[in-house]
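Report on one structure; see the data block that follows.
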There are 2 protein chains.
Amino acid sequence: MSDRARHIPEATVARLPVYLRSLAELVDDKIPTVSSERLAEMAGVNAAKVRKDLSYLGSYGTRGVGYDVEYLLFQMSRELGLTHDWPVAIVGAGNLGSALANYGGFTQRGFPVAALFDSDRAKVGQEIHGVEVHHTDDIAPLAKKLGVGIGVIATPASAAQDAADKLVAAGVGSILNFAPTVISVPEGVSLRKVDLALELQILSFYQEHRDADG
Amino acid sequence: MSDRARHIPEATVARLPVYLRSLAELVDDKIPTVSSERLAEMAGVNAAKVRKDLSYLGSYGTRGVGYDVEYLLFQMSRELGLTHDWPVAIVGAGNLGSALANYGGFTQRGFPVAALFDSDRAKVGQEIHGVEVHHTDDIAPLAKKLGVGIGVIATPASAAQDAADKLVAAGVGSILNFAPTVISVPEGVSLRKVDLALELQILSFYQEHRDADG
DNA sequence: GAACGCTAGTGCGCAAGTTCACAAGCGCAC
DNA sequence: GTGCGCTTGTGAACTTGCGCACTAGCGTTC
């Protein structure tokens with residue numbers, strides 16, 4: 001069980017939070033057990049996939065019955081590292097950075113915004129949603145001091161790589177990049193990206209080819 | 001050439017906008033031709049993958065030389081359907097919806113915000129970034145009238161499915177969902193999702209398992 | 001015009017991910 | 001306690017995607 005936890009496929013990891021959300025809904029509705037089929041429906045995937053995904057966490061189901069919702073929720077939270085908070089640093093206090101800092105969903109889900117950074121000295125010292133803006137030169141000492149493990153890049157594309165380098169230098173192990181550019185990080189650092197324009201362009205492709213393809 | 005355009009793999013489609021951005025940079029720098037290797041470096045992928053991806057669009061390269069940047073940029077824009085604007089409708093005029101409407105990047109990249117919708121009558125009639133807020137009941141007639149092909153859902157999770165249904169009823173063929181929930185759409189409608197909390201939870205997993213895995 | 005250097009295009013084996021289908025096994029009914 | 005229905009867990013086939021390594025072919029030099 002704990003042996004195979006080391007080899008959870010990426011695709012499975014990306015689905016775990018979706019299952020987690022579904023389980024949270026079931027807890028709210030006071031539903032004690034759930035079958036893979038029901039969970040699959042809620043998560044928008046195939047039932048076999050649910051069972052295989054969950055099997056990577058261990059054998060937490062009961063044949064003929066299903067999964068104990070609360071127990072599975074706990075085990076999954078533990079596996080995802082959500083039993084404790086992850087202080088987050090946001091680099092870039094422009095429109096997007098401010099919006100993210102103001103967005104309560106982060107703190108609520110265990111990702112409190114511990115610090116904001118910007119390279120514009122005029123912004124340094126300001127408070128956004130109760131978080132003070134610091135200069136990007138201070139990323140390393142401050143992020144370390146605050147125990148930041150996850151960094152969010154909300155800078156313009158031109159400043160993104162520099163922000164990433166500084167976050168990595170500060171010991172940050174995971175980066176979520178909102179800047180519309182490719183950034184590179186050393187091996188061992190996790191990197192994910194969110195690019196709104198890119199998503200729309202992908203949809204544009206399918207929209208453009210809709211008629212032609214039937 | 002045009003035969004195979006019908007079968008471009010999803011993974012390739014998702015990378016095309018990244019190449020497009022790289023090509024735009026090259027045009028800005030007045031660089032006339034580019035090799036697959038250089039393009040791969042800029043896009044953060046493998047050179048062979050670049051060549052294979054581009055070959056789905058047609059044989060636009062020259063052996064021994066590389067790709068003509070402007071010509072490839074044009075062909076790719078055409079393929080992605082970016083030679084004309086795609087009016088977008090945003091459902092949900094809360095924090096996120098407003099932020100998206102205020103974000104100039106959409107219009108700039110050919111996705112003008114044609115309409116905003118909200119179920120809260122108090123918000124109807126307000127203007128956000130020059131776009132009037134309409135009631136969600138009016139999605140069908142208005143979206144059709146404005147020629148909206150792509151819809152963005154920025155509602156709370158509880159209202160997301162209803163928003164999707166209304167967009168689909170309005171003839172919208174592609175939906176970008178920001179609500180933290182799974183929504184279902186009829187076959188033939190493209191659906192992509194952006195979920196910030198989910199991304200952070202995925203990073204949390206790798207952060208939590210960093211030490212154990214070496 | 002022949003030979004060489006360079007780069008696109010692609011066939012093929014491999015890896016990752018998905019799905020089917022079935023065996024294992026739990027709980028309930030009688 | 002025996003049998004039946006239900007649901008998990010997983011082996012195995014299949015699909016998709018990746019990347020190496022080779023071939024095709026353009027342009028330039030001599």
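Note on naming: letters A, B, ... go to the chains in the order of the sequence lines (proteins, then strands), and numbering restarts at 1 for each one.
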Rounded to whole Å, how long is the line connecting atom [atom1] of [X] with atom [atom2] of [N]?
X: B:Asp68; N: D:dC26; atom1: CG; atom2: P; value: 16 Å
X: B:Tyr71; N: C:dA8; atom1: OH; atom2: P; value: 16 Å
X: B:Glu37; N: D:dG19; atom1: CD; atom2: P; value: 14 Å
X: A:Glu10; N: D:dG17; atom1: CD; atom2: P; value: 15 Å
X: A:Tyr67; N: C:dC26; atom1: OH; atom2: C1'; value: 14 Å
X: B:Lys49; N: D:dC20; atom1: NZ; atom2: C1'; value: 13 Å

If you take atom types as modelled and just measure distance, does the side chain of B:Lys52 reach the base of C:dT10 with a donor-acceptor pair under 3.5 Å?
no
Look at the side chain of B:Arg63 against the base of C:dT7 and say whether a donor-acceptor pair falls under 3.5 Å; ignore hydrogens and angles.
no
Assign [X] to base, sugar-phosphate, or nothing according to its heavy-atom contacts below 4.0 angstrom with the strands shown.
X: B:Gly61; value: sugar-phosphate
X: B:Ala11; value: sugar-phosphate
X: B:Val34; value: sugar-phosphate
X: B:Arg38; value: nothing

Of the candidates C:dT18, D:dT8, C:dC26, the side chain of A:Thr62 sits closest to C:dC26
Where the side chain of A:Ser35 is defined as all heavy atoms beyond and including C-beta, which of D:dT8, D:dC26, C:dT7 is the nearest nucleotide?
D:dT8
Kindly determine whether A:Tyr71 and A:Tyr60 satisfy ring pair (Phe, Tyr, Trp, His ring centres under 6.0 Å), including the steps that lead there.
CA-CA 8 Å; A:Tyr71 185 60; A:Tyr60 296 141; 5.4 Å; yes
First of A:Gly64 and A:Asp53 reached from the 5' end of DNA chain C, by closest nucleotide:
A:Asp53
Ranking B:Val65 and A:Leu54 by the position along DNA chain D of their nearest nucleotide, the one closer to 5' is A:Leu54
Side chains of A:Arg51 and A:Ser36: is there a donor and an acceptor less than 3.5 Å apart?
yes
Does the side chain of B:Arg210 pick up a donor-acceptor pair with the side chain of A:Ser190 at under 3.5 Å?
yes
Under 4.0 angstrom between [X] side-chain N/O and [N] OP1 or OP2:
X: A:Tyr60; N: D:dT7; result: no
X: B:Ser36; N: C:dT7; result: no
X: A:Arg51; N: D:dG11; result: no
X: B:Asn46; N: D:dG17; result: no
X: B:Tyr56; N: D:dG17; result: no

Mutual orientation of the aromatic rings belonging to B:Tyr103 and B:Phe106 [parallel < 30°, tilted 30-60°, perpendicular > 60°]
perpendicular
B:Gly149 and B:Val172 have their tightest heavy-atom pair at O-CG1, 3.4 Å
For A:Thr12 and A:Asp53, what are the C-alpha separation, side-chain angles and deciding distance, and is it a side-chain hydrogen bond (donor to acceptor under 3.5 Å, both in side chains)?
CA-CA 6 Å; A:Thr12 294; A:Asp53 284 344; 2.7 Å; yes
